[in-house]
Amino acid sequence: MAARCVRLARRSLPALSLCLRPSPRLLCTATKQKSNGQGLEEDTRPSEPKPEPPATDKVLLEEKGRLEEQLRETVEKYKRALADTENLRQRSQKLIEEAKLYGIQGFCKDLLEVADILEKATQSVPKEAIRDENPHLKSLYEGLVMTEVQMQKVFTKHGLLRLDPVGAKFDPYEHEALFHTPVEGKEPGTVALVSKVGYKLHGRTLRPALVGVAKEA
């Protein structure tokens, strides 16, 4: 009886081992599930933050920005300084040119009084008195006229021009009206009489002419 049981046990061992051996299909399925599980865990894992630049790089960037801003400010200041210098140079050049032109203005005003005296002296001599019978008066008169003519030439050479605006349109920049009166044959608003001639120095009125202006009757 015991021997029979032993024989039966030996026969059933191979079949039991076959039942307990795992199949290749099950092993593949289990491997895929394990791989998918690992990938899912990797996907759901939170992403790591990017490392920040080192502190030295951050400091260098800030220093670069500060230096660039200083450079822009320096360039702007340099441009403004150049513009101011150019404006100053132009103003100085203009002042120098005006000083050359009008530096003799005071001297010319003083000479105008001399010219007025010479003009009055020649006008005060009666024409009929200038005869060969009176050679001294004639010589004196001719000398005064020549002096007056020469003085006017010197005035013209230095840009000083005489203003004798009889019959011209009244100009408040060149003339000074002493009176207004109706004058026959004169257009209203024109100069009818010149009491004292005026002068201009390089286009600038040095002394306005003293005039009488015609008006409507």
Side-chain angles (χ1 to χ4, degrees), residues 76 79-217:
E76 289 298 325
K79 291 180 179 179
R80 286 195 295 268
L82 283 181
D84 293 340
T85 303
E86 180 63 20
N87 292 335
L88 180 60
R89 187 192 66 80
Q90 292 179 358
R91 287 197 299 268
S92 301
Q93 185 67 26
K94 185 177 180 181
L95 290 175
I96 292 173
E97 292 175 356
E98 290 182 352
K100 290 179 180 179
L101 292 177
Y102 305 109
I104 60 173
Q105 183 170 328
F107 179 67
C108 289
K109 282 185 177 180
D110 294 336
L111 284 180
L112 295 184
E113 300 297 329
V114 179
D116 293 339
I117 293 173
L118 284 174
E119 184 178 6
K120 289 180 180 179
T122 56
Q123 290 176 355
S124 65
V125 178
K127 300 296 182 183
E128 60 274 10
I130 305 172
R131 298 178 179 178
D132 293 337
E133 292 81 4
N134 196 352
H136 298 291
L137 179 60
K138 182 179 180 180
S139 298
L140 178 61
Y141 176 78
E142 290 176 351
L144 290 175
V145 171
M146 291 175 61
T147 303
E148 185 181 7
V149 171
Q150 185 63 31
M151 181 171 285
Q152 291 299 325
K153 288 182 179 179
V154 173
F155 285 173
T156 304
K157 179 181 178 180
H158 293 279
L160 187 61
L161 301 180
R162 190 170 183 266
L163 297 177
D164 191 2
V166 175
K169 191 74 174 177
F170 177 76
D171 186 353
Y173 295 101
E174 297 181 356
H175 312 145
E176 182 179 342
L178 298 177
F179 57 87
H180 292 76
T181 183
V183 180
E184 185 179 356
K186 294 290 185 180
E187 183 181 352
T190 59
V191 177
L193 176 68
V194 177
S195 176
K196 192 174 184 178
V197 296
Y199 285 88
K200 294 178 70 175
L201 180 62
H202 295 292
R204 179 186 293 180
T205 301
L206 183 62
R207 187 182 76 183
L210 304 181
V211 301
V213 184
K215 70 175 184 179
E216 294 182 359

- Does the pair K196 and D164 meet the rule for a salt bridge (Lys or Arg N to Asp or Glu O under 4.0 Å), with working shown? CA-CA 8 Å; K196 192 174 184 178; D164 191 2; over 6 Å; no
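- Shown here for A115 and Q152, the closest heavy-atom pair between the two residues is CB-NE2, 4.4 Å.
- Of the inter-residue distances, the one linking D116 atom CG with E113 atom CD reads 5.5 Å to the nearest 0.5 angstrom.
- Residues L193 and T181 fail the side-chain proximity criterion, which asks for heavy atoms closer than 4.5 Å.
- Put simply, the side chain of T147 reaches to within 4.5 Å of the side chain of L118, judged on heavy atoms.
- You'll find the side chain of K215 reaches within 4.5 Å of the side chain of P182, heavy atoms only.
- In this structure, C108 SG and L201 CG are separated by 5.5 Å, a value rounded to the nearest 0.5 Å.
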- Item | Derivation and outcome, side chain to side chain contact (heavy atoms under 4.5 Å, CB included), residues Q150 and V154 | CA-CA 6 Å; Q150 185 63 31; V154 173; 4.2 Å; yes
- Give the intermediate values and the outcome of side chain to side chain contact (heavy atoms under 4.5 Å, CB included) for residues Y199 and T205. CA-CA 6 Å; Y199 285 88; T205 301; over 6 Å; no
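- Put simply, the side chain of Y141 does not reach to within 4.5 Å of the side chain of M146, judged on heavy atoms.
- Atom CD in Q105 sits 11.0 Å away from atom CG in D110 (nearest 0.5 Å).
- The closest donor-acceptor contact from the side chain of T190 to the backbone of K186 lies at 3.5 Å or more, if one exists at all.
- Heavy atoms only, all atoms of each residue included: K138 and D132 are closest at NZ-OD1, 2.7 Å.
- Summarising the geometry of Y102 relative to H202, their closest heavy-atom pair is OH-O, 3.4 Å, with the distance given to 0.1 Å.
- Minimum interatomic distance between V213 and A177 (heavy atoms only, all atoms of both residues): CG2-CB, 3.9 Å.
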- Query: Run the side chain to side chain contact (heavy atoms under 4.5 Å, CB included) check on V194 and L210 step by step: do they pass?
  - Reply: CA-CA 6 Å; V194 177; L210 304 181; over 6 Å; no
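- Interatomic distance, OG1 of T122 versus CD1 of I117, reported as 12.0 Å (0.5 Å rounding).
- The local environment of CD in Q90 is crowded, with over 12 non-hydrogen atoms from other residues, nucleotides or ligands closer than 6.0 Å.
- Using a 4.5 Å cut-off on side-chain heavy atoms (C-beta onward), V211 and E176 make no contact.
- Within the 3.5 Å criterion, the main-chain N or O of I130 finds no donor-acceptor partner in the side chain of N134.
- Side chains of K200 and Y173: a donor-acceptor N/O pair is absent below 3.5 angstrom, by distance only.
- Residue pairs satisfying the salt bridge (Lys or Arg N to Asp or Glu O under 4.0 Å) criterion with at least one member in residues 81-108, sequence neighbours excluded, are listed as follows: E86-R89.
- For the pair L163/V197, no side-chain contact is recorded, criterion being any heavy-atom separation below 4.5 Å from C-beta on.
- Ring geometry, H175 versus F170: the interplanar angle falls from 30° to 60°, so the pair is classed tilted.
- The NZ atom of K169 sits 11.0 Å away from atom CG of D171, with the distance rounded to the nearest 0.5 Å.
- The side-chain contact (heavy atoms from CB on, under 4.5 Å) test applied to A168 returns P165, not counting sequence neighbours.
- Comment: R162 engages E119 in a salt bridge, judged by a side-chain N to carboxylate O separation of less than 4.0 angstrom.
- The two residues L101 and I104 have their closest heavy-atom pair at O-CG1, 4.1 Å.
- Going from atom CG of L111 over to atom CZ of F155 covers 5.0 Å, rounded to the nearest 0.5 Å.
- Between A121 and L144, the shortest heavy-atom contact is CB-CD1, 4.0 Å.
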